[in-house]
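Here is the structure we will look at, set down as structure tokens.
For ligands, and for the atoms within them, numbers begin at 1 and follow the listed sequence. Values below: all heavy atoms of this structure, side chains included; hydrogens, waters and symmetry mates excluded. What you see is a predicted model, and the numbers here were worked out from it, not measured in a lab.
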Amino acid sequence: MNRAALAPVGDAFEESLGAFFGQGLDYVDGAVAELVRAEGERQARGIELIASENVVSRAVLEAQGSWFCNKTVEGYPGARYHGGAEIADSLETLGEDRACALFGATQANLQPHSGSQANLAVFSALLKPGDRVLGMDLKCGGHLSHGSSANISGKVYEIKAYGVRPGDGRIDMDQVRDAARAHRPKLIVAGGSSYPRALDLAAFRAIADEVEARLLVDMAHFAGLVAGGVLDNPMDHADVVTTTTYKSLRGARGGMILWNDEGLSRRLRAAVFPGVQGSPLLHMMAAKAVGLGEALQPAFKHYARRVQDNARALADEMMAQGLEVVTDGTDTPLVLVDLTALEIDGQLASDKLAAIGITCNKNLIANDPRPASTTSGLRFGVSAMTSRGIGEAEIRRVGQWIADCLLGRMTDRERVRRDSEEMARGFRYYAVSG
Ligand code: DSN
């Protein structure tokens with residue numbers, strides 16, 4: 001092919017370089033820019049109570065939009081497969097050091113792209129296919145990646161489940177002990193996605209020791225409260241701790257693994273890479289490091305305390321207004337409402353709340369008579385609104401709106417939608433339009 005035939009393409013390419021390196025999203029892609037703006041507006045005007053969400057700092061946003069996104073590495077600091085990794089090594093080491101300092105661990109792995117990836121890596125490091133695991137039933141507050149039949153964890157390993165006491169909705173440690181004695185699992189998993197109470201970590205440890213199982217604590221939903229010193233640290237009890245970094249911990253999206261026993265290090269690191277992942281997302285690693293640095297600051301302790309206070313106030317108010325709250329309260333950022341006494345299912349309930357500007361999610365509850373597509377529960381979490389500055393008086397007002405809406409007492413939905421928007425806009429947020 002002669003050069004003349006290539007020239008127009010070459011010219012167009014070279015002409016495009018100015019915009020490629022110099023122009024922002026508004027100029028380059030108006031369609032996506034508009035969606036970004038619309039999502040920012042949606043977030044700014046809404047009362048966000050999805051338990052797995054939070055609001056990250058401007059600094060976290062900046063780090064995840066940095067040119068670390070251009071870098072590919074595989075392996076770990078000092079032992080990479082790609083060149084030019086010295087700065088990435090410093091970044092990953094800095095992030096690991098911060099994670100260890102925050103949670104009192106000696107070992108950390110920040111490479112997991114998500115909490116599920118972190119859990120899968122731990123399972124594959126500690127178990128052989130077919131090995132038995134005792135985890136919390138998904139319906140009772142466990143997590144998909146702890147052995148749900150729909151998840152790879154439930155297909156590769158033999159899963160036995162413990163639940164919650166029918167009377168008070170709490171984990172019955174006697175039942176856990178009986179199940180552990182009966183099934184002799186290799187691994188016991190504590191933690192989940194909708195259990196609102198603090199775990200009895202010492203009892204889990206004692207049971208694991210008795211049956212010679214390893215103990216994995218997944219603290220994804222309450223990691224921020226551990227970091228802030230509000231809840232006991234699972235690192236004092238577990239062999240391995242996993243977490244997401246973006247829920248109450250308020251950092252970039254992704255997962256993390258912590259442990260102390262250096263005898264596990266080679267297996268756990270190899271299970272993440274090359275076991276279940278290739279290259280880590282270095283821009284997210286940078287943002288994780290920023291979030292962990294923020295969590296080490298004194299202000300984070302106040303945030304964590306306020307998350308728990310707000311969650312308790314929300315639960316109290318909803319109960320006072322006539323809703324049934326699972327376990328009659330919470331120790332964590334989570335509040336789980338049981339709708340079984342009402343006509344309304346979780347899907348319809350969350351749709352009704354969305355219409356008045358409150359976002360949450362439908363959630364299975366113990367012995368749920370409804371399927372996962374509708375459910376009889378609603379899950380709320382206060383981390384995101386706490387990060388924006390909400391306090392007890394306002395969260396109680398939100399609790400009243402929720403109860404009025406679900407109990408059919410709301411006469412003027414449009415007025416409440418306007419009031420909730422006014423409340424949300426009264427809290428801090430990024431400048432999203434401009
Ligand atoms: N684990 C899911 C949740 O709790 O919503 C996503 O993080």
**Study point:** Side-chain ion pair, R205 and D209, N-O less than 4.0 Å
**Key:** yes
Exercise for review: Using the test ring pair (Phe, Tyr, Trp, His ring centres under 6.0 Å), find all partners of F103 that sit at least two apart in sequence or belong to another chain.
Suggested key: none
**Study point:** Separation of Y195 OH from I171 CD1 (nearest 0.5 Å)
**Key:** 4.0 Å
Exercise for review: Would you check ligand 1 and list the protein residues that come within less than 4.0 Å of it by any heavy atom, ordered by chain and number?
Suggested key: S52, H143, S193, H221, Y246, K247, R379
Check your understanding: What orientation do Y157 and F123 show, parallel under 30°, tilted 30 to 60°, or perpendicular over 60°?
Key -> perpendicular
Check your understanding: Is any side-chain heavy atom of F222 closer than 4.5 Å to a side-chain heavy atom of P234?
Key -> yes
Review point. Under the criterion salt bridge (charged side-chain N to carboxylate O under 4.0 Å, His left out), which of K160, R184, K186 is the partner of D131?
Key: K186
